[in-house]
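As structure tokens, the structure follows; a few thoughts come after it.
Atoms within each ligand, like the ligands themselves, are counted from 1 in listed order. FYI, the numbering just counts along the sequence from 1.
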Amino acid sequence: MSGVRHVAEVGEWGGVPLAQVLPALRALEPSARACWLYDLDALTARAGRLVRAFAPLRPAIAYALKANGLPAIAQRLRSLGLHADAGSLGELELASAADFAREARTLSGNGRTPEEAAWVAQRGVDCVSVDAAGELDLLEAALSRTGAAPLCVALRINPGIATANHAHVATGHAAAKFGLSPAEALELWAARARWPHLALEGVHVHVGSQVLERAPLVAAARDALALADASAARGAPLSLVNLGGGFGHDSTRDGGDFALEAHAEELAALAVGRAVRWRLEPGRWLVAPVGVLLAEVLRIKIRRDADRERRFVVLAAGMNDLLRPALYGARHPIAPLAPRAGQPSRATVVGPVCESGDTFATDVHLPPLEVGDVVVIGDAGAYGAVMSSNYNGRGRLAELTAESGQLRRARRGETVEDLRGRDRDDVVPCLG
Ligand code: LLP
């Protein structure tokens, strides 16, 4: 449990005293009472650990931009030799703006659009992961218009593997929307000549996110290799195996950091004797623990109910900022930045949004807190800011980086003017 307790004890993040962060931000944004903060020193260290662990496999490690698309983070990972995995047109543009070369960009996910197909045909990526047979025709049509070299395509398989994570982020079981059946993939690889502008040479598995146990990921890797063998036996050998992402991180649990090194060793053993290109797409593992959400306490409400007394700690951040507790029942470590003396007691930590689901933690033990104290919410670097919204008319928060004692504002908080910026009253002429 300690991720954040540790932060509170150390008192700094990327060499910057945490107590100074919100006051410093207020010099730029006078009404800021909460913000995201990422430790780029820690990010660099984590990326190094990942690259070292998997070195024997020599994979391309494509950071899943969806976990945190802040350019400062993407650029740092690029400078450390990682590739970028995009899931949309916006993320393709982000990868390009962060200077990932075409060989260092991939596209994955489902529901490909003609615009995305045109983008990859014109601007280029190393490989596209295809989730449905119809996407092959879409890509073929776009590629045939540009005359570019054949585009590498991996077929995403649904291997029917269950994971013990939340149902919303389990992607490898039969009821999940993702992937082709292995039988259909085998047919498509065998029929690859039908798409002359595509090189159907890869298999892709991604069975879920926030996966802490290794077994389903190993099973998925075995399935991918077995399929590659089956395809080769049918005359269509594969040269790329993409094992997706999914390595979990949850510092509220014992064993909450995925056993990366052991996993890498097991994959390296599976890889012996196979001349394929390997690809990984981790997101959360890299960025979750390097980010915190800092939020001021707006109110302490003690309510004496018939059954017991309840202490509600109302923060200046809400479910519109960090949606994970409300959406997945996710637990994030929470601790006061400067714990006050006194007995810890039960508290329910909530935000100011008008929903009961706007609750970060129920009945956790926290020291005494007062209005104006700052609370640190940990494991907030992945799927935090990227999933925030303007719900309840709330601007999204500023995102700051800290590195070697220097604090930078990497993205400003939204203002009331930003919230109105898209409002229009345009006449939309109907055709026909
Ligand atoms: N590759 C593909 C094709 C993906 O769909 C994802 C995540 C990743 C890689 C990266 O997975 P990671 O290593 O980060 O687990 N919003 C949820 C997580 C959704 C993950 C979506 N896809 C959450 O907050 O837990």
(request) Determine whether the side chains of S389 and N320 contain a donor N or O and an acceptor N or O closer than 3.5 Å. (result) no

(request) For atom 24 (O) of ligand 1, find the nearest protein heavy atom and state the residue, atom name and distance (0.1 Å precision). (result) R324 NE, 2.6 Å

(request) Run the contact test for A67 against ligand 1 with a 4.0 Å cut-off on heavy atoms, strictly below, and give the result. (result) no

(message) Looking at ligand 1, is there an atom of it that comes within less than 4.0 Å of some heavy atom belonging to G109?
(response) no

(request) Output yes when the distance from some N or O of ligand 1 to some N or O of G246 is under 3.5 Å, and no in every other case. (result) yes

(message) Check E414 with R396, please: is the shortest side-chain N to carboxylate O separation under 4.0 Å?
(response) yes

(request) Check whether any side-chain N or O of R26 sits under 3.5 Å from a backbone N or O of A32 as a donor-acceptor pair, and report yes or no. (result) yes

(message) What I want to find out is whether D126 reaches R279 closely enough, with some N-O distance under 4.0 Å, to be called a salt bridge.
(response) yes

(message) Assess whether a salt bridge exists between R194 and D137, defined as any Lys/Arg side-chain N lying under 4.0 Å from an Asp/Glu carboxylate O.
(response) no

(message) Taking the basic N atoms (NZ, or NE/NH1/NH2) and the acidic carboxylate oxygens, is any pair closer than 4.0 Å for R234 and D229?
(response) no

(request) Check ligand 1 against G245 and write out every atom of the ligand that is under 4.0 Å from a heavy-atom position of the residue. (result) 9 (C), 13 (O)

(message) For W285, which part has a heavy atom under 4.0 Å from ligand 1: side chain, backbone, both, or neither?
(response) neither

(message) If you take the nearest heavy atom of each of H168, H206, K66, which one is closest to atom 11 (O) of ligand 1?
(response) H206

(request) Please work out whether any backbone atom (N, CA, C, O) or any side-chain heavy atom from C-beta onward of S209 is under 4.0 Å from ligand 1, and answer side chain, backbone, both or neither. (result) both

(request) Check for a donor-acceptor pair, side chain of R105 on one end and backbone N or O of A84 on the other, with a separation under 3.5 Å. (result) no

(request) Provide the number and element of each atom of ligand 1 under 4.0 Å from a heavy atom of P282. (result) 13 (O)

(message) Taking the basic N atoms (NZ, or NE/NH1/NH2) and the acidic carboxylate oxygens, is any pair closer than 4.0 Å for E93 and R123?
(response) yes

(request) Considering only non-hydrogen protein atoms, determine which one is nearest to atom 14 (O) of ligand 1 and report residue, atom name and distance to 0.1 Å. (result) Y383 OH, 2.6 Å

(message) For atom 19 (C) of ligand 1, what's the nearest protein heavy-atom neighbour? Residue, atom name and distance, please.
(response) V169 CG1, 3.8 Å

(message) One thing to verify: whether E403 and R408 come together as a salt bridge, which I'm taking to mean a side-chain N less than 4.0 angstrom from a carboxylate O.
(response) no

(request) From the options R279, R284, E281, R156, select the one whose nearest heavy atom is closest to atom 10 (C) of ligand 1. (result) E281

(message) I need the nearest protein heavy-atom contact for atom 17 (C) of ligand 1: residue, atom name and distance, please.
(response) Y328 OH, 3.0 Å

(request) Check each atom of ligand 1 against the heavy atoms of S108 and keep those under 4.0 Å away; list them by number with element. (result) 3 (C)

